[in-house]
Amino acid sequence: MTLSRRRHLLLVASLVVLPLAALGQQGTPASYAFRNPDLPTEQRIDNLLSLMTRDEKIDALSTNTAVPRLGVPSFGSSEGIHGVVQREQRGDRMPIRTTQFPQPPGMGETWDPEIVRKAGGVEGHEARYISQTEKYHRAILMLWGPQSDLARDPRWGRTEEVYGEDAYFNGTMVTAFIHGLQGDDPHYWQSAALLKHFLANSNENSRTRTSSDFDQRLFWEYYSVPFRMGFQQGGATGVMASYNAWNGTHMAVNPILRSILQQQWGVEVLSSDGGAVTALVKDSHSFPDHKAAVIACLHAGINQFLDTYKDETRAALQEGSVTDAELDALLRPKFRVTLRLGLLDPAERNPYASVKDGPEPWTTEADQSVSRQIALESVVLLKNSNATLPLDRAAIHRIAVIGPLADSVHWDWYGGTPPYVVTPLDGIRQAVAPGTQVTYAPGELGNAAVNAARKADVAVVVVGNDPTCGPDMGHDWTGNGTLPCTVPSDGREGRDRESLELGQQEQLIKQVMEVNPHTIVVLVSSFPYTINWTAQHVPAILHMTHASQDEGTAIAQVLFGDYNPAGRLVQTWPKSEDQLPPMLDYNIRHGRTYMYFKGEPLYPFGYGLSYTSFQYANLRTSAASIAPDGSTTVSVEVTNTGTRAGDEVVQLYVKHLGSKVERPLQELKGFARVHLEPGQTRQVQLGLRAADLAYWDEQQARFVVEREQVQLRVGASSADIRQVTNLSLQ
């Protein structure tokens with residue numbers, strides 16, 4: 001089944017759910033035990049299941065968890081990795097404009113978990129509003145996000161959906177976003193998070209047929225870490241299984257769904273992906289027919305299907321290959337989510353029940369201020385020779401804004417429709433001094449761009465990828481992926497990148513530079529590029545990801561110095577594809593990520609510049625040695641030695657000096673984004689637990705903390721270490 005078919009099923013389900021506004025109005029006896037909020041959760045669910053028919057139970061294995069006869073509403077579903085997605089019209093339901101944040105790599109490039117938490121809070125609040133307001137009354141309280149996979153290879157078509165390449169970093173951002181989505185009430189959730197896609201899903205080409213193969217150590221120490229942190233630290237209880245196999249067993253039927261996710265991490269909603277059951281038959285040939293595949297998924301713990309399953313489940317129950325007791329066990333955790341969302345409780349008990357009516361939240365300053373701030377914090381300054389930036393408004397009389405992305409904000413496959421957009425051209429026009437002439441030339445090579453650049457004091461060239469590879473992405477699905485992108489360096493869900501080069505767009509940069517050396521490049525992209533010529537010759541380069549409604553505002557404020565950039569890269573940018581292992585090699589020890597990268601990158605993980613400078617001093621720990629169950633506080637003094645206020649991102653890496661097993665060259669174990677005024681010194685403190693330095697012992701099947709020395713490395717990026725000290729593990 002194509003993704004567009006999956007979206008169709010999701011949206012159709014939302015059309016037939018019982019609106020939350022109608023809760024308790026179906027003539028349902030208020031005396032039913034499942035409606036009593038003072039009873040234990042499991043007792044309430046026992047009662048609800050006892051009242052449901054078999055067909056109602058089968059129906060509830062979809063994204064529609066409503067039981068209309070009993071007045072039970074569905075919590076529903078919506079995509080939501082960087083904003084609620086309600087952009088499509090279905091029947092009489094019109095699209096809804098919702099706040100749209102930068103793509104997840106851009107959210108990651110803030111290196112600010114707090115602003116990511118706020119963005120999640122905005123999204124969860126908007127989902128509540130849409131679900132409970134009479135104008136919309138559609139159930140979308142389970143948001144499909146955050147995307148918790150790892151960007152182990154920049155050629156992956158879905159790099160745009162994840163926070164970065166580092167497991168601890170991604171897990172920190174995943175946890176922050178979940179906290180925002182689900183809220184901080186001790187009893188009720190604002191919305192529910194569904195993490196995607198478990199596990200090790202980072203190739204698109206032939207994804208339903210391929211197996212991601214690696215050992216138990218990499219499972220526990222790398223690929224599963226963001227998910228585990230999201231469940232154990234974030235409190236999420238929903239996950240979507242990926243299309244691929246792990247070590248030969250496809251994830252939708254993999255035993256670890258029960259043995260690890262359910263039994264160890266408390267996961268309650270286990271969803272298949274769109275068409276994943278069909279793919280088990282048609283693509284991987286894992287099962288002889290669709291019924292056998294459905295039964296295997298049910299036995300594995302799948303309790304939410306994004307595929308046809310009802311007739312097959314009904315037949316399995318009739319023949320006894322699936323029992324009614326199994327069906328109840330699959331549904332029980334889904335109704336725990338219903339209760340956590342407060343959908344069966346009196347409104348006065350649920351603090352989120354009052355989120356309705358009033359002004360649409362995406363039109364309010366509260367939501368828009370979070371959008372602006374996360375956009376600003378996401379901008380990365382890659383190069384700034386001779387203090388080219390920030391620009392002096394008073395000295396510029398003509399500015400040329402050039403390039404294929406200069407007058408657009410590109411949507412992506414998992415983004416919604418924002419209430420407004422500010423393009424780079426819009427932002428620059430609003431930011432220049434009165435009387436300054438702004439000339440626009442679109443992205444074609446040739447006279448228009450060159451003439452505009454030749455006559456300008458400064459040329460700003462805005463280039464990057466098309467996140468959807470063109471306007472027909474919804475029709476380009478082939479069954480096991482999508483058609484190749486027209487531009488080889490573009491990528492998307494269903495199609496990996498064929499190149500990391502900018503191609504014609506870098507040729508445009510060369511033409512502009514030839515006639516105007518005062519050229520600035522703004523790279524708006526979902527992934528790294530091998531921009532070797534641009535990095536060598538262009539005096540200033542900014543990077544930002546797609547889809548922020550405030551893209552142009554953020555770019556302009558950074559260009560003119562109204563905001564001092566402090567974004568940092570979340571992925572290693574290679575100089576050449578030759579530096580990367582084969583795409584399907586999932587053993588990251590063979591040269592992937594900053595932890596094992598071989599050679600010199602174009603830009604390292606954690607890299608980013610500022611309009612000011614920072615000095616580090618006095619690195620120390622609160623304890624010289626720690627026990628296996630102990631911890632220490634790592635502190636360092638950071639001083640703003642420049643003339644502008646700005647943020648610094650302090651990064652703590654650890655290098656193992658005496659481990660008996662292969663360890664990374666270094667690993668990120670802490671970070672903090674801190675603001676300093678000129679001349680100000682702050683002591684930055686980062687906690688470090690011995691448990692975070694353990695490795696997975698495959699023979700003992702547990703984490704082990706070794707007796708050894710580790711080197712603590714603190715600096716401004718993985719390649720810019722400013723202070724070093726040692727710590728003993730006892």
Side-chain angles (χ1 to χ4, degrees), residues 1 5-6 9-10 13 45-46 48-50 52-67 74-75 77 142 144 194-199 208 237-246 248-338:
M1 180 171 64
R5 172 63 176 157
R6 165 177 129 188
L9 289 177
L10 187 157
I45 297 173
D46 285 341
L48 175 56
L49 291 171
S50 73
M52 293 173 65
T53 66
R54 178 183 277 186
D55 281 345
E56 287 171 335
K57 293 176 181 179
I58 293 172
D59 288 346
L61 290 173
S62 68
T63 58
N64 180 4
T65 55
V67 189
S74 175
F75 50 72
S77 294
M142 176 163 277
W144 293 2
L194 182 84
L195 279 56
K196 303 192 300 184
H197 301 91
F198 190 84
L199 176 77
T208 59
T237 64
V239 73
M240 184 179 290
S242 55
Y243 289 112
N244 59 285
W246 173 44
T249 303
H250 280 266
M251 292 313 306
V253 295
N254 201 298
I256 65 172
L257 296 182
R258 285 198 183 277
S259 63
I260 296 178
L261 271 70
Q262 281 189 335
Q263 296 174 16
Q264 295 188 36
W265 298 343
V267 177
E268 296 178 331
V269 177
L270 290 168
S271 178
S272 70
D273 206 337
V277 181
T278 300
L280 290 172
V281 180
K282 293 186 176 180
D283 292 341
S284 67
H285 307 293
S286 302
F287 298 94
D289 54 49
H290 199 79
K291 187 178 82 169
V294 169
I295 291 171
C297 289
L298 291 167
H299 289 327
I302 296 293
N303 58 6
Q304 178 171 284
F305 285 87
L306 275 64
D307 206 336
T308 55
Y309 74 94
K310 292 184 181 180
D311 290 343
E312 294 80 4
T313 302
R314 192 172 291 108
L317 286 163
Q318 290 172 349
E319 71 186 20
S321 53
V322 173
T323 67
D324 286 292
E326 288 178 280
L327 183 59
D328 284 358
L330 289 166
L331 290 175
R332 179 175 295 274
K334 296 190 79 172
F335 289 123
R336 290 192 196 112
V337 173
T338 299

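Residue numbers count from 1 along this sequence. Please read these numbers as outputs of a predicted model, since none were measured by experiment.
In terms of heavy-atom proximity, Ala315 sits nearest to Lys291 at CB-CD, 4.1 Å. Residues Trp144 and Met240 share a closest heavy-atom pair of CE3-CE, 3.9 Å. Here the closest non-hydrogen pair linking Ser74 and Ala66 is CB-N, 3.4 Å. Scanning both residues, His250 and Ser286, for their nearest heavy atoms gives CD2-OG, 3.6 Å. Among all heavy-atom pairs drawn from Leu280 and Cys297, the shortest one is CD1-SG, 3.9 Å. Considering every non-hydrogen atom in both Met251 and Ser242, the closest pair reads CG-OG, 3.3 Å.
The closest side-chain heavy-atom distance from Leu61 to Leu298 is below 4.5 Å. Contact annotation: the side chain of Arg314 approaches that of Asp55 to within less than 4.5 Å [non-hydrogen atoms, C-beta and beyond]. Annotation: side chain of Thr63 is in contact with side chain of Gln304 (closest heavy-atom distance under 4.5 Å). Counting heavy atoms from C-beta outward, His299 and Arg258 have side chains that stay 4.5 Å or more apart. Between Tyr309 and Ile58, the closest side-chain pair of non-hydrogen atoms falls below 4.5 Å. Side chains of Ile295 and Val322 form a contact here, defined as non-hydrogen atoms less than 4.5 Å apart. Contact of the Phe198 side chain with the Ile260 side chain is not registered, since no non-hydrogen atoms from C-beta on lie closer than 4.5 Å. For the pair Met52 and Asp328, the minimum side-chain heavy-atom distance is 4.5 Å or more.
With a 6.0 Å radius and a threshold of 12 heavy atoms from other residues, nucleotides or ligands, Lys57 has its NZ atom above the threshold.
The CE atom of Met142 sits 8.5 Å away from the OG1 atom of Thr338 when rounded to the nearest 0.5 Å. The structure places CZ of Phe75 at 9.5 Å from CG of Asn64, a figure rounded to the nearest 0.5 Å. Taking CG from Asn254 and CG from Leu270, the interatomic distance works out to 11.5 Å, rounded to the nearest 0.5 Å.
The backbone N or O of Ala60 sits less than 3.5 Å from a side-chain atom of Lys334, completing a donor-acceptor pair. Judged by distance alone, the side chain of Asp289 and the main-chain N or O of Ala292 form a donor-acceptor pair under 3.5 Å. Judged purely by atom type and a 3.5 angstrom limit, Tyr243 has no side-chain atom pairing as donor or acceptor with the backbone of Ala252.
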Handout entry: Check against side chain to side chain contact (heavy atoms under 4.5 Å, CB included), Asn303 and Leu331
Key = CA-CA 7 Å; Asn303 58 6; Leu331 290 175; 5.9 Å; no
Problem - side chain to side chain contact (heavy atoms under 4.5 Å, CB included) assessment of Val269 paired with Thr237 - result: CA-CA 6 Å; Val269 177; Thr237 64; 5.5 Å; no
Exercise for the section: Check the pair Trp246 / Ile256 against side chain to side chain contact (heavy atoms under 4.5 Å, CB included), numbers first and verdict last. Expected result: CA-CA 10 Å; Trp246 173 44; Ile256 65 172; 3.8 Å; yes
Problem - Test log, rule side chain to side chain contact (heavy atoms under 4.5 Å, CB included), inputs His290 and Asp307 - result: CA-CA 10 Å; His290 199 79; Asp307 206 336; 4.0 Å; yes
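None of Asp283, Asn244, Thr278 except one satisfies the side-chain hydrogen bond (donor to acceptor under 3.5 Å, both in side chains) rule with Thr208; the exception is Asp283.
The salt bridge (Lys or Arg N to Asp or Glu O under 4.0 Å) test applied to Arg54 returns Asp324, not counting sequence neighbours. Residues passing the salt bridge (Lys or Arg N to Asp or Glu O under 4.0 Å) test with Lys310, sequence neighbours excluded: Asp59.
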